[in-house]
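Everything on this sheet refers to the single structure shown next.
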Amino acid sequence: MAFKKLLASLGAGGANVDAVLTEANVVPGGVVQGEVRIEGGSVDQEIQHLSMGLQARVEVEGGEQEYKQNIEFTKVQLGGAFTLQAGANHVLPFGLEIPWETPVTCIAGQQLRGMNIGVTTELAIARAVDSTDLDPVNVHPLPAQQAILDAFIQLGFRFKSADMEKGHIRGTRQRLPFYQEIEFFAPPQYRGLNEVEVSFVADEREMDVVLEMDKKGGLITEGSDTFRSFVMDHANFQGTDWAAYLNQWLADVGGRRNWF
């Protein structure tokens, strides 16, 4: 028995935890639901707590180096301490709220490369290796976000890439320690423009939309007119022709700078 306890403390023959998602497709502000299945190991173990959260893999810039870092950006505790009997099985339902700022990982049903967000499940075990589980979730755009993405497609822009970066966008309602950039290649009619980057920072009522132009030959830094930040109301965004709005901004800036 003592040998089994030693093995369990090292993770061999110890408890297992697994989260089974009822539905892996969610939107910011929604709830991912499922159940946690806990299976006892070969010996009784003292459980300190069971917790769940959301984790994102983000880019971090440090000096001349860039690297990836896992950031857990929300966490809830589902239960307190208890004794997990050897071989016992427990099933606990859960509902985990998705923060409104959570980046999208799917557009038009297509998974965005490099967008890794998942539900973490941790069974904290006294004097033993914690048992953990990670289950990916698919975060789809809010209707207001989809309206902006559709407007770029309507104008002929092509999706390039998306990434999540550690840091803050100044002047927005951002609360998470990272943000998302979605990049589009510009169509031929905007001949002096290389691409446009889009960031969404939402809460339950409104959303900041941050746009940045990238001129051919290098990122633009000399003028504030190459940045555009505006607020969209989740309830009233349908009254605006967003393709016309974006085209007017691009045409105004491009005309002043003799790009087009």
Side-chain angles (χ1 to χ4, degrees), residues 11 17-21 23-34 36 48-79 94-107 110-125 129-142 144-145 148-149 159-183 197-204 206-212 229:
V17 61
D18 183 31
V20 179
L21 306 184
E23 176 58 71
N25 296 289
V26 295
V27 296
V31 178
V32 59
Q33 295 182 331
V36 179
Q48 295 174 326
H49 66 263
L50 171 67
S51 64
M52 303 194 70
L54 287 170
Q55 177 179 288
R57 190 160 180 80
V58 308
E59 293 185 5
V60 181
E61 295 185 3
E64 297 181 355
Q65 293 184 336
E66 292 185 2
Y67 59 94
K68 296 281 190 176
Q69 179 182 1
N70 292 327
I71 294 181
E72 191 172 48
F73 59 98
T74 187
K75 188 171 185 176
V76 295
Q77 188 166 312
L78 297 186
F94 72 87
L96 184 63
E97 294 184 2
I98 307 297
W100 286 91
E101 290 180 46
T102 302
V104 299
T105 66
C106 294
I107 296 179
Q110 297 296 313
Q111 184 72 28
L112 301 183
R113 182 179 300 176
M115 295 296 97
N116 298 310
I117 292 179
V119 174
T120 60
T121 309
E122 179 185 13
L123 192 66
I125 305 171
V129 177
D130 289 350
S131 182
T132 59
D133 182 41
L134 178 66
D135 297 272
V137 294
N138 304 316
V139 185
H140 298 266
L142 292 164
Q145 294 170 335
I148 295 297
L149 299 173
F159 173 77
K160 176 189 176 185
S161 64
D163 61 12
M164 293 180 285
E165 298 186 10
K166 188 174 183 179
H168 287 78
I169 303 176
R170 187 168 50 188
T172 67
R173 68 196 70 211
Q174 182 184 347
R175 300 177 67 181
L176 294 183
F178 61 92
Y179 59 92
Q180 181 180 39
E181 288 183 339
I182 301 173
E183 301 178 11
E197 298 176 350
V198 185
S199 295
F200 300 120
V201 186
D203 63 19
E204 68 277 8
E206 299 175 327
M207 176 176 68
D208 297 317
V209 181
V210 182
L211 308 173
E212 181 179 0
S229 177

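Bear in mind the structure is a predicted one, so any value in this text is a computation, not a measurement. Values reported hereafter were calculated over all heavy atoms of this structure, with side chains retained and with hydrogens, waters and symmetry mates removed.
- For the pair P141 and V27, the tightest heavy-atom approach, listed with the atom from each and the gap, is O-CG1, 4.0 Å.
- Taking every heavy atom of both residues into account, G167 and Q174 meet most closely at O-NE2, 2.8 Å.
- Between the side chain of T105 and the main chain of V139, a donor-acceptor pair closer than 3.5 Å is present.
- For Q110 (side chain) and I107 (main-chain N/O), no donor-acceptor pair under 3.5 Å exists by modelled atom type.
- Ion pairing between a basic and an acidic side chain is recognised when a charged N comes within 4.0 Å of a carboxylate O; K68 and E59 show such pairing.
- With a 4.5 Å cut-off on side-chain heavy atoms, L96 and V31 do not count as touching.
- In this structure, S199 OG and E165 CD are separated by 8.0 Å, a value rounded to the nearest 0.5 Å.
- For the atom pair I117 CD1 and I71 CD1, the distance stands at 11.0 Å (nearest 0.5 Å).
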Might you work through the side chain to side chain contact (heavy atoms under 4.5 Å, CB included) test for Q48 and I125, ending with a clear yes or no? CA-CA 6 Å; Q48 295 174 326; I125 305 171; over 6 Å; no

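- Counting heavy-atom neighbours within 6.0 Å of E204 CD, excluding the residue itself, gives a total above 12.
- Looking at every heavy atom in both residues, R57 comes nearest to N70 through NH1-OD1, 3.0 Å.
- The CZ atom of F73 sits 13.5 Å away from atom CZ of R175, with the distance rounded to the nearest 0.5 Å.
- For the atom pair CG of L211 and OG of S229, the computed distance is 8.0 Å after rounding to the nearest 0.5 Å.
- By the neighbour-count criterion of 12 heavy atoms within 6.0 Å, atom CD of E97 is sparsely surrounded, having that number or fewer from other residues, nucleotides or ligands.
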Hey, mind stepping through Q77 and L50 against side chain to side chain contact (heavy atoms under 4.5 Å, CB included) and telling me if it holds? CA-CA 6 Å; Q77 188 166 312; L50 171 67; over 6 Å; no

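- Side-chain contact between T172 and Y179 is absent, with no heavy atoms from C-beta onward closer than 4.5 Å.
- A 4.5 Å side-chain heavy-atom check between F159 and I182 finds at least one atom pair inside the cut-off.
- Considering all non-hydrogen atoms of both residues, P28 and W100 come closest at CB-O, 3.3 Å.
- Here the straight-line distance linking atom CE of M52 with atom CG of L78 works out to 6.0 Å at 0.5 Å rounding.
- Taking CD1 of I98 as the start and CG of L54 as the end, the distance is 4.5 Å to the nearest 0.5 Å.
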Are E72 and T120 close enough, and set up right, to give a side-chain hydrogen bond (donor to acceptor under 3.5 Å, both in side chains), and what steps lead you there? CA-CA 8 Å; E72 191 172 48; T120 60; 2.8 Å; yes

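- When all heavy atoms of F94 and V32 are compared, the pair lying nearest together is CE1-O, 3.8 Å.
- With salt bridges taken as basic N to acidic carboxylate O contacts below 4.0 Å, one links K75 and E122.
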Assess whether side chain to side chain contact (heavy atoms under 4.5 Å, CB included) is satisfied between E181 and V198, documenting all intermediate values. CA-CA 6 Å; E181 288 183 339; V198 185; over 6 Å; no

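- Between Q180 and V104, the shortest heavy-atom contact is NE2-O, 2.7 Å.
- Residue V119 forms a side-chain contact (heavy atoms from CB on, under 4.5 Å) with just one option from V137, L134, V36, V26, and that option is V137.
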Full working for side chain to side chain contact (heavy atoms under 4.5 Å, CB included) between F200 and L142: CA-CA 10 Å; F200 300 120; L142 292 164; over 6 Å; no

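- The existence of a salt bridge linking R173 and E101 is excluded, since no basic side-chain nitrogen approaches an acidic carboxylate oxygen closer than 4.0 Å.
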